[in-house]
Amino acid sequence: MVSLSMAPVNIFKHGADEERAETARLSSFVGAIAVGDLVKSTLGPKGMDKILLSGGSGGTVTVTNDGATILKAIGVDNPAAKCWLVSGGAAAGTSGGRFVPVTKLVFSDLSKVQDDEVGDGTTSVAVLAAELLREAELLVSRKIHPQTIISGWRKATQVARDALREAAVDHSNDSARFQEDLLNIARTTLSSKLLTHHKEHFARLAVDAVIRLKGSGNLDAIHVIKKLGGSLTDSYLDEGFLLDKKIGVNQPKRMENVKILIANTGMDTDKIKIFGSRVRVDSTARVAEIELAEKEKMKEKVDRILKHGINCFINRQLIYNYPEQLFAQAGIMAIEHADFSGVERLALVTGGEITSTFDHPELVKLGHCKLIEEVMIGEDTLIHFSGVAMGEACTIVLRGATQQILDEAERSLHDALCVLAQTVKEPRTVYGGGCSEMLMAKVVTDLANRTPGKEAVAMESFAKALAMLPTIIADNAGYDSADLVAQLRAAHQENRTTCGLNMSEGTVGDMAALGITESFQVKRQVLLSASEAAEMILRVDDVIKAAPSASLTLDMLKLLLLLLLRTWTWTWTCSALVRIPLKPMPSMRSRLRADGQLSAFLQERRPDLFQRRYFQCFPATGPSLRVERFSETLYNYMDVQFYGEIELGTPGQNFSVVFDTGSSDLWVPSVYCVSQTCGYHRRFKAFESTSYRHDGRVFEIHYGSGHMLGIMARDTLKVHASLINNVTVQNQEFGESVYEPGVAFVMAHFDGILGMGYPSLAQILGNPVFDNMMAQQMVEEPIFSFYLSNKLQGELLLGGMDQDLFTGPINWLPVTTKGYWQITVDSVAVQGVDTFCPEGCQAIVDTGTSLIAGPTRDILRLQQLIGATPTNIGEFVTDCVRLSSLPRVTFVLGGEEYTLTPERYIRREMLGDKEFCFSGFQAADILTAKGPLWILGDVFLTQYYSVFDRGHDRIGFALAKQPTRG
């Protein structure tokens, strides 16, 4: 029994790993010290900058010495990165990456809390925490227990805090001296930033802005606008509010004594939402009557808005041409698509509230200002609000030669404004230049000299860590740190408690005379946060690494079996699978944008693409309407990217089509088409086909810019595949379009649509193509799969899937509604923190669009989280320079995480010689009995191989292999 009890017992799964005691603790120390060493060279007025180079194909570069920016922008190649609450951490000095679970989490929170609480000192807090752990490493190696070290540190922290409090001065009772303190704090804060050479100018600018707040500390009242051009010294403070938008056409450009209604409402053509229904009319004249009814509804809405007694209407959403015309006729100034943070700040400063309904004007709180006018800044026109209800509101206009300079200037000014706002609330100040650190180090050393036992050694190490901050400041300036710190220590021993380092001359000087002043709040927060973080890491005595997922081992076995069976099944696979090449081409949206026609197109037609794609929106009271079963109503032709080839008739006539899982019909243009659009595409000539059969029925499909009309027919369909295994479908129903709406299809690369959805979705009363393939036994299995690539051509496989095109297992999800390929999404998260639809929601898997869409409320918040801002035509763009620092977006499907990197969900396009980065997310409110729908388009499907199984009514996803060009 004794021998059995002494046998080692493994309590972990196979593959799990554990680091114990000193090994675990020291590996964490190494990581923390690496973080400190990374950022410490940026500390002080002579600190160096860091170049942050993104790893993407764009190779964007950020040059900064801001500690918060560095810690947020960099990352560690380690699976434990999910522990971070924000992006960032150590990039060097890892111990096999094992320190990351503790160090990365703690240092992320450390810098984030410091930035949120006081706005500055993120570098100092990371460096001090690292120096404390550097000292702790030495003490642990001397066999001093961590709890003894922590006990000594806590006592040292308390006396250091008391000394800092006693040394602090408060001039809040003397307004002149307090204002000078604020100027000195601003100068000190900006001394280590890009703005150091213009610190006098920006210090006064920041102080003036904060003083206008009258002690409220509400930085939302200070708006910062960046405009390219001029120099940094051209930046100025404007006593009012600037909105970077334009006033509507033919509307007043200047207005006094303004009453403002701030709204968040749709000002496009209102429609009654009828989900699961189809509306038919018996002539095109009826469509005109419907459109007239829609205009009347919009006019009623505008009339309700005008009853508020306003002369200015500001809307967060777009204002379309017709309501804009009505506002102009009423002499109302209308401003559309005010950005999200801008309209909320505007409501704050004008004293109004954002409203969405207009039936009760007496309950709406209007905003007020004395004057609204257009002003020019550089080459741009902005809207200026002066005499606003919140008199403390102001705008800081930053000018600069490049966008990088403007971004760094904004970060620098943000730190100064935050520190000043905190100082107004907590007016006590202390001296900088290493003065406060040396003062605290002195009292801690004195305490250590009076303390018996090993705790005294821990206190001495705490004092050494504090003294390292002035040492690093001197080293970064290129001075003899040993000599300067020795002089500084001697000065404090002589009770010259205002002495610090004068980095302009490389000497020890009087900080009070030099005006090197810092906020007491910042110094106290640095001390407390650093000591608490170091203590947390010091407590670690065990690091447990989870075992790899069992599915990984199973996948390896499956892969070996597949390799062994490959030669046996090769002949069968070639005959069973039908491979259809899919060509990637620029979408119509991209082509219109490149030709400079997109804005005019959207302004003229305003196609509500996603919402009208998925349900009919015509008023139920319209003439001669018949509400029938659910129908697909609009192909999102603006964003289609992949096309394939088919043949219709005997002999075959070639057409390029979109293989669209978001519809179920097949249609191509007819030779009898009367639309100008059809002239730009291949048209079906029924009289040349010997197998053609006229059906006699008429069909129509509604689009955002009109409706398509056509006739039904039947003929032989051949799907073009590689090699010789083409698929021929006999007697396939399809539509010949004789009228196509608008000029949008002129820009399209495709001629028609081949729907891959369920039969219940078909608008043309016949079997979809894939249903006929199954009925005629043209495919081995009732499965088709898509492999889409944004680098090379994609592939549609009929009859199965190809294991060579994906890695890992297939994660299967049941179809919840047989119409679209609809599934359940467990949740959507940004960087694993901000979660949408936490209780689950429904999504459509759609190969007919390149975008991902979701409910407006969620998508607008998601756009903010990824840093995307709206354009005047409703698209969202982000700064390509920041691409590598954008968060990851994760969809949880069937318990598995599907993560999209910024390189996947951002679409990069060149307009002339300039690159633009467009968000791949778009708002669409599609309401169903099961809740709002999301749409997973090519942004998602280019990263994940998709399998559509009609036999089991399910969809499968796996990570797609990314091709490389030979």
Side-chain angles (χ1 to χ4, degrees), residues 549 551 554-555 558 562 573 576-578 580 614 630 632 659-664 754-762 767-775 777-788 794-828 837 840-849 852 890-899 926 928-931 933-938 940-961:
S549 173
S551 63
L554 183 60
D555 292 341
K558 288 181 178 178
L562 287 171
T573 302
L577 287 182
V578 179
I580 304 170
Y614 293 99
F630 172 74
E632 197 275 344
F659 291 91
D660 181 17
T661 57
S663 63
S664 297
L754 192 156
M756 305 288 287
Y758 280 84
S760 61
L761 191 62
N767 265 351
V769 172
F770 193 70
D771 285 74
N772 280 336
M773 289 182 180
M774 292 188 294
Q777 298 182 351
M778 301 305 299
V779 290
E780 185 76 17
E781 296 181 83
I783 294 175
F784 61 90
S785 55
F786 280 89
Y787 173 76
L788 305 178
E795 196 169 55
L796 166 62
L797 287 87
L798 301 176
M801 52 187 168
D802 188 345
Q803 298 276 0
D804 290 337
L805 297 178
F806 62 88
T807 60
I810 295 285
N811 179 32
W812 293 103
L813 304 166
V815 173
T816 56
T817 301
K818 298 179 185 178
Y820 297 110
W821 287 91
Q822 186 171 323
I823 58 175
T824 298
V825 177
D826 299 338
S827 65
V828 185
C837 64
C841 51
Q842 296 292 296
I844 296 168
V845 184
D846 188 354
T847 59
T849 177
I852 291 179
T890 300
F891 290 81
V892 181
L893 308 176
E896 296 289 332
E897 293 187 353
Y898 294 83
T899 299
I926 308 168
T928 71
K930 296 183 178 181
L933 286 177
W934 287 69
I935 304 167
L936 302 181
D938 296 347
F940 182 87
L941 298 176
T942 51
Q943 186 159 345
Y944 296 101
Y945 188 86
S946 54
V947 185
F948 300 79
D949 187 348
R950 282 288 300 273
H952 297 88
D953 294 318
R954 61 182 182 173
I955 302 177
F957 294 112
L959 184 63
K961 290 183 178 180

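Only this structure's heavy atoms are used, side chains among them; waters, hydrogens and symmetry mates stay out.
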Review point. Under the side-chain contact (heavy atoms from CB on, under 4.5 Å) criterion, do F957 and I823 qualify, and how do the steps go?
Key: CA-CA 12 Å; F957 294 112; I823 58 175; 3.9 Å; yes

**Study point:** Backbone N/O of T890 and side chain of T899: donor-acceptor pair under 3.5 Å
**Key:** no

Review point. Step by step, would you call I955 with V815 a side-chain contact (heavy atoms from CB on, under 4.5 Å)?
Key: CA-CA 7 Å; I955 302 177; V815 173; 4.2 Å; yes

Point to revise | Intermediate values then yes/no, side chain to side chain donor-acceptor pair (under 3.5 Å), T849 and D846 | key: CA-CA 6 Å; T849 177; D846 188 354; 5.7 Å; no

Exercise for review: Specify whether Y898 and F940 have parallel, tilted or perpendicular ring planes, treating 30° as the upper limit for parallel and 60° as the lower limit for perpendicular.
Suggested key: tilted

Considering residues at least two apart in sequence or located in another chain, which fulfil the side-chain contact (heavy atoms from CB on, under 4.5 Å) criterion with [X]?
X    : answer
N772 : V729, Q732, E733, N767, Q776
Q842 : T816, Q822, T824, K930, L933
L805 : Y787, E795, L797, D802, Y945

Point to revise | Partner set under side chain to side chain donor-acceptor pair (under 3.5 Å) for T807, not counting sequence neighbours | key: none

Practice item. Would you please name every residue forming a salt bridge (Lys or Arg N to Asp or Glu O under 4.0 Å) with D949, sequence neighbours left out? Key: R954

Check your understanding: Listed by chain and number, what are the ring pair (Phe, Tyr, Trp, His ring centres under 6.0 Å) partners of F948, not counting sequence neighbours?
Key -> F784, F786, W821

Point to revise | Atom of A958, atom of I810 and distance for their closest heavy-atom approach | key: CB-CD1, 3.7 Å

**Study point:** Note, V769 side chain near M756 side chain (heavy atom, < 4.5 Å)
**Key:** no

Point to revise | Minimum side-chain heavy-atom gap L798-M778 below 4.5 Å | key: no

